[in-house]
Amino acid sequence: MNTAKRRTITLAVITVVMALSLTFLAPAGPILPDAQQRYLQETLPDFSHTQNAWDYELNGAMGYLASAGLMDAIMPTNDISYLPLTLNEPGRVPMADNFSETGYQDPTLIVEITDQRMYDSTFHIATVKIATPSQLRTAVSNSKYGDPPELLSMAMNAVVLMNGDFYTKTSSGNGYIVRQTEVYRWKASTKTDLLLIDENSDLHIIQHGDSKSVEEDAVEAFLKEHEIINAFYFGPALVVDGVKAEIPKEYLGDPHSKNPRAAIGQLAPLTYVMVTVDGRTDESEGVTVEELAAFMNELGCTQAYAMDGGNSSILVFNHQMLSNKGGYDTRSISDVIFFASAIDN
């Protein structure tokens with residue numbers, strides 16, 4: 001049994017034992033009623049059907065226990081402070097000794113890094129479990145030309161980071177664009193789907209229609225029940241309410257050609273996947289958006305959404321680029337999504 005397997009099994013056992021003794025505890029701090037209720041309602045995963053930590057498969061895909069069962073468990077801590085919502089506010093400094101080549105863990109955050117080959121392409125997958133909604137964060141570059149993603153990762157104390165929707169490069173002037181509650185643009189679109197992230201860091205997708213009123217009415221209804229912390233205009237939707245979305249014939253970024261791609265999805269409360277796909281190289285052709293949607297659906301996403309692809313598609317872990325750019329210089333990017341620790345070192 002290799003080191004990665006032993007680490008996952010040990011972590012599963014520790015988490016089960018600690019969670020059994022802390023089932024009714026929730027993180028301290030300004031917990032929203034919905035988030036607190038979620039913690040109280042969550043239960044431990046059922047391991048009875050597995051003989052070991054590697055028997056579990058997620059929807060027939062490559063799910064490991066850490067990304068299928070353990071990632072749904074309550075974080076074993078009751079003393080977590082929420083991070084400020086302020087844009088470009090970095091996360092807490094992660095614990096350097098807790099990084100490995102395949103992941104990171106502390107009492108507020110678990111990250112598992114895996115690669116998979118499919119469609120003659122390499123998929124990089126970061127599965128993430130956070131203890132508070134505030135640990136899913138966005139940041140924007142202070143330069144009109146953007147910044148290298150590794151630099152943004154270091155500046156934000158990101159454990160894992162991916163590109164956003166490159167909002168500064170859109171020429172249409174449409175789209176709802178919000179970063180950490182700061183509104184950059186507030187216009188409906190008939191061309192792009194919306195990703196809204198609420199106060200609980202739950203992902204919600206609004207698909208575009210033939211008139212702007214489709215998105216306008218949907219956002220108005222959404223705001224009656226939720227606050228928008230982050231909003232993205234790129235897309236398209238890949239998975240909506242657990243069902244793979246139909247990919248439009250025409251959309252941004254030539255969706256039916258094989259290219260590098262990037263997507264974010266939600267698996268469960270406070271549990272996510274970031275996925276990038278290498279492309280335009282001899283080793284990795286890239287994928288269509290239809291193939292990306294199928295992959296996110298197989299991972300078990302309840303919601304999944306495509307971000308900017310091509311040379312903007314990047315995944316950074318521990319300030320190191322995981323995405324293979326095929327010898328091309330990495331494009332500076334204007335905005336990122338990242339997960340940060342909330343632990344006090």
Side-chain angles (χ1 to χ4, degrees), residues 83 85-91 94 104 109 111 113 124-130 132-141 146-170 175-182 184 193-205 228-235 237-239 260-267 270-277 292 296 299 301 303-310 312-319 321-323 330-342:
L83 301 174
L85 283 177
T86 311
L87 182 63
N88 287 359
E89 177 82 19
Y104 172 87
L109 175 66
V111 177
I113 302 295
H124 304 285
I125 307 133
T127 309
V128 183
K129 173 71 176 182
I130 53 178
T132 76
S134 67
Q135 293 169 254
L136 189 166
R137 309 185 64 77
T138 57
V140 300
S141 171
D147 284 306
E150 299 96 329
L151 180 61
L152 288 168
S153 177
M154 289 186 285
M156 294 296 104
N157 290 331
V159 173
V160 63
L161 170 150
M162 72 178 296
N163 62 289
D165 59 13
F166 223 138
Y167 72 99
T168 61
K169 296 299 182 182
T170 180
Y176 289 84
I177 299 175
V178 182
R179 298 293 185 270
Q180 296 296 121
T181 71
E182 292 195 20
Y184 283 81
D193 300 334
L194 301 179
L195 171 64
L196 306 181
I197 303 179
D198 69 14
E199 68 280 1
N200 298 313
S201 282
D202 286 331
L203 275 54
H204 305 262
I205 293 175
I228 297 176
I229 306 300
N230 290 286
F232 298 87
Y233 80 94
F234 208 88
L238 304 175
V239 180
R261 302 288 180 184
I264 187 170
Q266 184 167 11
L267 298 172
L270 302 182
T271 310
Y272 311 87
V273 286
M274 289 175 161
V275 174
T276 60
V277 187
L292 181 62
M296 299 301 282
L299 287 180
C301 292
Q303 314 289 337
Y305 184 85
M307 291 297 174
D308 192 9
S312 298
S313 169
I314 60 94
L315 185 65
V316 175
F317 172 65
N318 195 16
H319 315 319
M321 178 74 70
L322 299 183
S323 303
T330 299
R331 175 184 294 170
S332 292
I333 54 178
S334 62
D335 65 306
V336 294
I337 310 168
F338 68 98
F339 290 94
S341 175

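These values consider heavy atoms only, across backbone and side chains, with no hydrogens, waters or symmetry-generated copies.
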Heavy-atom side-chain proximity of F232 to L194 below 4.5 angstrom: no
Are the side chains of Q180 and T86 in contact, using a 4.5 Å heavy-atom criterion? no
Let me see the working for L136 and F339 under side-chain contact (heavy atoms from CB on, under 4.5 Å), right down to the final yes or no. CA-CA 5 Å; L136 189 166; F339 290 94; 3.7 Å; yes
The criterion is side-chain hydrogen bond (donor to acceptor under 3.5 Å, both in side chains); which residues satisfy it with S341, sequence neighbours excluded? D106, T108
How long is the straight-line distance from CG of L267 back to CG of L299, given to the nearest 0.5 Å? 7.0 Å
Hey, could you give me the CD/CG distance between Q303 and D202, rounded to the nearest 0.5 Å? 9.0 Å
Is the shortest side-chain heavy-atom distance between M321 and E150 below 4.5 Å? yes
Derivation and outcome, side-chain contact (heavy atoms from CB on, under 4.5 Å), residues D308 and I333: CA-CA 10 Å; D308 192 9; I333 54 178; over 6 Å; no
Run through T127, I113, V160 and flag the one making a side chain to side chain contact (heavy atoms under 4.5 Å, CB included) with M274. V160
For V128, the option from L109, V273, T271 that meets side chain to side chain contact (heavy atoms under 4.5 Å, CB included): L109
Does Y176 have any side-chain hydrogen bond (donor to acceptor under 3.5 Å, both in side chains) partners at least two apart in sequence or in another chain, and if so, which? none
Show your working on side-chain contact (heavy atoms from CB on, under 4.5 Å) between L87 and Y184 and close with a plain yes or no. CA-CA 12 Å; L87 182 63; Y184 283 81; 3.1 Å; yes
Any donor-acceptor pair under 3.5 Å linking the side-chain atoms of N230 with those of T138? yes
Say you draw a straight line from CD1 of I229 to CG of D198; how long is it, rounded to the nearest 0.5 Å? 7.5 Å
Tightest non-hydrogen contact, residues A262 and N163, listed as CB-OD1, 3.6 Å
Return the OG to CE distance between S323 and M162, rounded to the nearest 0.5 Å. 8.5 Å
Separation of M156 CE from E89 CD (nearest 0.5 Å): 8.5 Å
Side-chain heavy-atom pair L203, Y305 within 4.5 angstrom cut-off: no
Taking the side chain as every heavy atom from C-beta outward, state whether S334 and V140 have any pair of such atoms under 4.5 Å apart. no
Value for CD1 (I264) from OG1 (T276), rounded to nearest 0.5 Å, stands at 12.0 Å
Short side-chain donor-acceptor distance under 3.5 Å, S153 and H319: yes
Across all chains, not counting sequence neighbours, the side chain to side chain contact (heavy atoms under 4.5 Å, CB included) partners of A340 are L83, R137, F338
